[in-house]
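Just below is one structure, and these are the notes that go with it.
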Amino acid sequence: MSYLEGLNERQREAAECLSGPLLIVAGAGAGKTKTITHRIAHLIEKGVAPRHILAVTFTNKAAAEMRERVKKLIPEGQGTPFVSTFHALGVRLLREFHEDAGLARAFTIWDRDDSVRAIKSALERLDIQQWKPSAILSAISRKKGDGVSVSEYLESARTFRERAVADAWVIYEKALSDEDALDFDDLLFRTLRLLRTSERVRSLLQNRWTHITIDEYQDTNKAQYEIAALLAGEAKNICVVGDTDQNIYSWRGADLGHLLEFEQAFPGAKVVTLEQNYRSTRTILSAANGVIEKNLRRKPKILFTEKETGEPITLYGGVNEMDEAWFIAQSIAALMDARMPPKEIAVLYRENFQSRAIEEAMLNFGIPYRVLGTRFFDRKEVKDTLSYLRAALNPKNKIDLGRIVAVPPRGIGKVTLDKLIAGLDDTLPAAARAKVASFRDCLSKIQKAITVLPTSEAVAYAVEVSGMETMYKDDEDGKERLGNIRELVNFAARFDSEESPAGIEHLLEEAALQSDQDQLEDANNAVSLMTIHASKGLEFDAVFVTGLEQGLFPSVRESEGRDEEEERRLFYVALTRARKRLFLTYAGQRMKYGSREFTLPSEFLEDIDARLIDVKQRKRSLLDDEDVIR
C-alpha cells in the first residue's frame, strides 16, 4: 500500500521528505499526527528499519496515540519505532547507560511533592523564611531546563535571592544523591549531560536512531532542544513539528525561538506549512484567525476548513461569577438534552480558583463532571503502595521510608525512624529494634516478590504483606481506597509480560511520568473542567472559555513572565479546542482572594468579528430568588 494515500497536498509533501532537516508548521487541527505517522510508515516502506526511528512528543497520551497509529499502519513482524515523551526517553537512557551517567540503575524518581519536602528541609537548615519552597524549586527547575548545573549556578549567583537558591540547591542535590534519586528535571538534565560528555554513548545513539521526529517543537526548553540536536548528529535527519501560535509554556522554559530559528540552526531545512483544519467549523476558525493574526512573533499562516459554517459563537456576560457559572450549567444541560455526550463538553478557565463556582452550578443541575488536577497516582493509598515498591527496590530512599513506616501504624516514631534510616538499629531498645526488624523483613519480602513474581502479583503481594489490605478492610471508609489499590493492580497487569524486576520499574516510571491528561483515557461520561494550559492537545464538540475579563484573561501576573502575545496564544489554543460549539463568558464582578472586584470584558473579545457572535441576554433565574447576586 502507499502510505501517502489520504493525505492532502501539503501533508503529502511533508511525508515525502525522508532525509535532512524538515520543519512542519502545523496549525491547530491540521492533521499533524496523521502526517507524522504516515511519514514514519513511508520511511519504513522506503527501507528505514523501524528500530532506527525515534519519535518524541510531550505527553503520554500523545505518545500512546502516535504509537498505536504507527502500529496499525505498518505490517506486523517488522518491529516498531521507539515513540516516547522526552522524560520517558531520559529514563530509558539513564537506566541503560547508568554507569556512564554515574547513577544507580534502580534510581528513584521523585515527584513534585517529594522535591518540595526536600527543598523545605533545606530552607529550614539554612534558616531561610522569605521564600516558599515551591518558588525555590521552580527557580532550580528553570535552571536545570536551561542545562545549568548547580556548580555553574553557584559561580554566577550574585543577588541575595540567587545565593539562597544556590545554597538550597546544594543541599537538595545532596539529598537526591544520598537517596539514589532524580527529580523530574534531572531526567532531562542528566540525559543532556550524558550526551554532552560521553562520545561513546552519543555515537551509539546516533547510529541507533538515524531518523528523528520531535513533536510540539515550540514547547522545547534548552535541554530538550540540545538533546534533539545531539541525537540528530551530523546526519541531521530530523523532522520537527510545531506551531508558533500554540507556544504557551514560556514560564516553564519553552523557547519559541527554537521553532522560529530552525532554518538558521539547520541550514537547508525544508519547510512545509499545514493550514487545512479538520476539526472546527468555519465560524470558530474565523474567530481564531482574527485573534492570532495580531501577534508579530509567529510563522504566518491562515487556517481554513472545508467543514460547515456552523453555529455562531455564544457570548454571555454574567452579573458575577455565580451568574456566569449558572449560565454555563444551563447551557450544558441544554446541550445534553440535545444528545451531546457530557464527555464531549469542556469548561476551560485561566486560573484554577475559577472552578469553584462552576462546580457548584454543575452540582445544582446534576451534571456529571470531573476536574483535571487530581491524578489517580496522587491518591494517598496509591502513593503509599508505590512507596512500598520503591523502598523495596531502593532502601536508600528516605522519603518513601518515612511515608510508609506508619502505614499501617507500627509504633515506630521519629527518633526510631531516624535511626532506621541511618542504619543504627543496634542502638535501639529491644522493643523498638523488634519493630524495625519486622519492618525491614516486610520490605525484604516485597523486594524478593518483585524479582520473581509477575508485576501485578508483586503489587498485590506488597499490599497484603505490608498490612495495608487488612488496614483498609477493617476501616469503614477504606472500601474506596481498597478499590483504588485494586485498580493499581489491574493497571500493573499491563507489565506482566516483562521480566522481573523490569515490570515494576516500568510501572513506577509510568506512575511518575503521568500527566493530568492521562486520566481522560479512563474518564466516565462527564464534562471536563480544566485550565486552558491542561487542555492543549485535546478537542471537544463544545467548549466554554470562561472568565474573559481584563486582568484575569489576559492575565497580568508578571511573576511568571507572561507577555501579551503569549496570553493571546493561550486564547487561540482555547478557541481551537472546539469542534462545533463555542461559548465565551465573563462576569461583571468577581470574588478574588476574599474581596469582590468590578471587571471589564477582555480586550480579546474585540478581536473577534461581531458578525460571528450571538450575544445572550441574562434571564431571571433561581439565583435572583436565592439572593446570591450581591
| field | Inter- and intrachain pairs under salt bridge (Lys or Arg N to Asp or Glu O under 4.0 Å), touching residues 224-248, at least two apart | value | Arg196-Glu226, Asp243-Lys301, Asp245-Arg298, Asp245-Lys301

State which residues pass side-chain hydrogen bond (donor to acceptor under 3.5 Å, both in side chains) with [X]; sequence neighbours excluded, sorted by chain then number.
| X | answer |
| --- | --- |
| Asn352 | none |
| Lys222 | none |
| Ser500 | none |
| Glu124 | none |

With side chains defined as the heavy atoms from C-beta onward, is the minimum distance between [X] and [Y] less than 4.5 Å?
| X | Y | answer |
| --- | --- | --- |
| Glu179 | Thr108 | no |
| Ile248 | Lys536 | yes |
| Pro81 | Ile44 | yes |
| Arg202 | Glu199 | yes |
| Phe107 | Asn394 | no |
| Thr213 | Leu54 | no |
| Leu529 | Tyr349 | yes |

| said: Working note: Asn247 + Arg569, criterion side chain to side chain donor-acceptor pair (under 3.5 Å); need CA distance, chi angles, decisive distance, verdict. | reply: CA-CA 7 Å; Asn247 171 268; Arg569 291 194 293 268; 3.1 Å; yes

If you measure from the Lys or Arg side-chain nitrogens to the Asp or Glu carboxylate oxygens, is any gap between [X] and [Y] under 4.0 Å?
| X | Y | answer |
| --- | --- | --- |
| Lys294 | Glu565 | no |
| Glu16 | Arg39 | no |
| Lys61 | Glu65 | no |
| Arg208 | Glu96 | yes |
| Asp178 | Lys396 | no |
| Arg105 | Glu99 | no |

| Check: Arg92 side chain, Ala88 main-chain N or O, donor-acceptor pair, under 3.5 Å | no

| Counting distance only, does the side-chain N/O of Ser198 pair as donor-acceptor with the main-chain N or O of Leu194 below 3.5 Å? | no

| task | May I ask you to check if Arg51 and Phe82 form a cation-pi contact, with NZ or CZ under 6.0 angstrom from the six-membered ring centre and within 45° of the axis? | result | no

| message | Does anything in residues 266-275 form a side-chain hydrogen bond (donor to acceptor under 3.5 Å, both in side chains)? List the pairs, not counting sequence neighbours. | response | Glu13-Lys270

What side-chain donor-acceptor pairs closer than 3.5 Å can you find for residues 181-190, not counting sequence neighbours?
unit_1 : atom_1 : unit_2 : atom_2 : d
Asp183 : OD1    : Lys144 : NZ     : 3.4
Asp183 : OD1    : Asp185 : N      : 3.1
Asp183 : OD1    : Asp186 : N      : 2.8
Asp183 : OD2    : Lys144 : NZ     : 2.9
Asp183 : OD2    : Tyr172 : OH     : 2.8
Asp185 : OD1    : Ser141 : OG     : 3.0
Asp185 : OD2    : Ser141 : OG     : 2.9
Asp186 : OD1    : Lys144 : NZ     : 2.9
Asp186 : OD2    : Lys144 : NZ     : 3.3
Asp186 : OD2    : Asp183 : N      : 3.1
Arg190 : NH2    : Ala101 : O      : 3.1

| note | To the nearest 0.5 Å, atom CZ of Arg163 lies from atom CG of Leu126 at 13.0 Å

| request: Apply salt bridge (Lys or Arg N to Asp or Glu O under 4.0 Å) to the pair Glu566 and Arg297, showing each step before the final yes or no. | output: CA-CA 10 Å; Glu566 179 150 340; Arg297 200 162 179 251; over 6 Å; no

Partner residues of [X] under the salt bridge (Lys or Arg N to Asp or Glu O under 4.0 Å) criterion, sequence neighbours left out:
| X | result |
| --- | --- |
| Asp418 | Lys414 |
| Arg158 | none |
| Arg117 | Asp114 |

| task | Please confirm whether Tyr249 and His533 have ring centers closer than 6.0 angstrom. | result | yes

Listed pairs under 3.5 Å, donor-acceptor, residues 17-26 side chains, sequence neighbours left out:
none

| Could you give all pairs that pass the ring pair (Phe, Tyr, Trp, His ring centres under 6.0 Å) test and reach residues 214-245, with sequence neighbours left out? | Tyr217-Phe262, Tyr225-His258

| field | Chi angles and distances behind the ring-ring contact (aromatic ring centres under 6.0 Å, His included) call for Phe377, Phe491 | value | CA-CA 11 Å; Phe377 292 104; Phe491 178 80; 5.3 Å; yes

